[in-house]
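For clarity, every value in this text was computed on a predicted model and none was experimentally measured. Just so it is clear, the values below take in all heavy atoms, side chains as well, and ignore hydrogens, waters and symmetry mates. Letters go in sequence order (proteins before strands), and every chain restarts at 1.
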Amino acid sequence: MASVTASSVKFSSVSCLIKQNQVSNLKKASLSFTGNGSQSRRLPVLRFRITCAAKPETVKKVVDIVRKQLALPEDRDVCGESKFSVLGADSLDTVEIVMGLEEEFGICVEEESAQSISTVQEAADLIEELLEKK
Amino acid sequence: MAMKLNAIHFPSPKFPSFALPPAASCRSPRFFMASTLRSGSKEAETVKKPFSPPREVHVQVTHSLPPQKVEIFKSMEGWAEENILVHLKPVEKCWQPQDFLPDPTSDGFHDQVKELRERAREIPDDYFVVLVGDMITEEALPTYQTMLNTLDGVRDETGASSTPWAVWTRAWTAEENRHGDLLNKYLYLSGRVDMKQIEKTIQYLIGSGMDPRTENNPYLGFIYTSFQERATFVSHGNTARHARDHGDIKLAQICGTIASDEKRHETAYTKIVEKLFEIDPDGTVLAFADMMKKKISMPAHLMFDGRDDKLFDHFSAVAQRLGVYTARDYADILEHLVARWKVENITGLSADGQKAQDYVCGLPPRIRRLEERAQGRAKQAGKLPFSWIYDREVQL
């Protein structure tokens with residue numbers, strides 16, 4: 001149980017407080033999975049939850065860039081589900097976030113792909129897709 | 001003011017050409033233009049019929065200026081009479097289109113027309129596309145007079161009101177009216193363009209109108225017009241220069257004369273806003289940030305010729321490529337206004353006012369950086385036909 005708590009705590013450090021039921025859903029998901037006894041495998045928990053999701057490090061880098069762009073206070077949670085618009089990004093901010101991601105990851109984001117990004121997770125997923133193609 | 005702040009955070013629909021820059025595909029400054037409804041847009045409220053003109057898609061907000069602030073404009077009437085009406089030119093001293101066109105009463109009329117057409121033959125199609133777009137914009141003047149008369153506190157209540165504001169609006173309209181007339185006659189005589197397609201585009205455009213999101217609010221309205229007058233001054237100045245480079249000195253004079261009118265109008269509008277900054281710095285800086293967040297939409301952004309659903313985008317791409325009006329100009333104009341109104345130096349602002357001040361002062365370099373990157377990555381765009389020139393193709 002301790003490791004379950006540990007993994008769900010790690011989870012909630014990245015989890016979003018924007019929607020309360022989202023957080024509880026995440027906790028439920030990790031709890032039910034680790035009920036099968038895979039205590040030491042945290043990564044599979046993520047993979048199980050969302051297939052083809054970006055690596056946590058990628059998401060973290062996106063989060064950092066978004067935080068910097070929007071000058072968000074420390075206590076404002078940002079996670080994969082975070083929508084740029086909800087975080088207060090206007091269209092110019094979103095463009096600059098994409099530019100920041102391009103610089104950070106050394107990728108080139110096509111206009112059409114960039115338009116489909118509205119959350120941190122989507123940005124991270126797109127980045128990994130582009131990195132894979134390189 | 002609360003209303004205005006809500007407007008800033010109002011969730012705006014995401015549109016393909018609105019949300020993100022023309023990074024890899026196109027160099028047009030359409031990022032900075034207002035969003036419009038296009039066929040295929042997911043956010044369409046109703047299914048867009050094919051071959052119908054674009055519509056404004058933002059929610060149209062009205063009367064965002066609180067009633068007590070409307071009073072300010074009444075109290076400014078004396079000041080406006082002394083300081084704004086002086087920027088109008090007396091009609092007797094004004095140029096008229098006939099001054100720049102072949103004289104029909106003269107025996108040399110046919111030769112003058114022939115010379116005009118010879119000069120016009122030397123001017124490339126892409127220049128004409130831009131000149132036509134500018135002419136169509138000028139010809140939609142009814143929309144702009146309407147827009148001025150939507151503004152609380154300054155509207156012409158009867159059509160012949162004697163308030164200085166109303167006098168200004170009518171006289172401004174009268175001066176602007178010559179611009180469309182002159183360009184129309186020049187283009188007609190030139191023989192280089194399809195007048196019927198152009199006339200159709202004008203009819204569609206006046207029918208579409210425009211909502212520059214000024215919300216009946218004269219703070220927003222005069223900030224918008226200040227920006228626009230400077231933009232047209234820049235644009236006509238550039239078409240004048242190009243005409244001269246192509247060897248048509250008369251056309252250069254035409255564009256240059258129009259540009260000088262716009263400069264005079266810019267002086268008047270920026271003076272009004274300067275006064276507003278004096279009277280109500282907090283309200284005015286909030287208004288400035290609000291307009292810039294919403295982006296200054298170009299007056300003719302709803303243009304349609306019955307054939308091209310993205311006509312404005314295509315036109316502005318050509319204008320961008322030719323350097324007639326570019327994203328860099330947009331940033332320059334903004335920077336100019338920030339300096340003109342000494343926005344950086346304003347003190348005693350509210351917390352929101354300071355945020356607005358920071359936003360507006362920090363915006364020009366952000367736009368420039370965006371534009372540099374877009375330019376650096378722009379792929380060579382293709383050629384596209386324009387109905388205004390009989391579907392001849394022009395590089396975007």
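- Every residue two or more places apart in sequence or in another chain that forms a side chain to side chain contact (heavy atoms under 4.5 Å, CB included) with A:S85 is listed here: A:K83.
- Checked against side chain to side chain contact (heavy atoms under 4.5 Å, CB included), B:R340 has the following partners two or more places apart in sequence or in another chain: B:T270, B:K271, B:E274, B:H336.
- Taking NZ from B:K293 and OG from A:S91, the interatomic distance works out to 9.0 Å, rounded to the nearest 0.5 Å.
- The contact list for residues 356-365 of chain B toward chain A, using heavy atoms and a distance under 4.5 Å, reads B:Y359, B:L363 by residue number.
- Within a 6.0 Å radius of CZ in A:R67, more than 12 heavy atoms belonging to other residues, nucleotides or ligands are found.
- From A:D90, atom CG reaches atom NZ of B:K295 across 6.5 Å, with rounding to the nearest 0.5 Å.
- Partners of A:A89 by side chain to side chain contact (heavy atoms under 4.5 Å, CB included), not counting sequence neighbours, listed by chain and number: A:L70, A:F84, A:D93, A:T94.
- A salt bridge links B:R369 with A:E103; the closest basic N to acidic carboxylate O contact falls under 4.0 Å.
- Atom CD of A:E132 sits in a sparse spot, with 12 or fewer heavy atoms from other residues, nucleotides or ligands closer than 6.0 Å.
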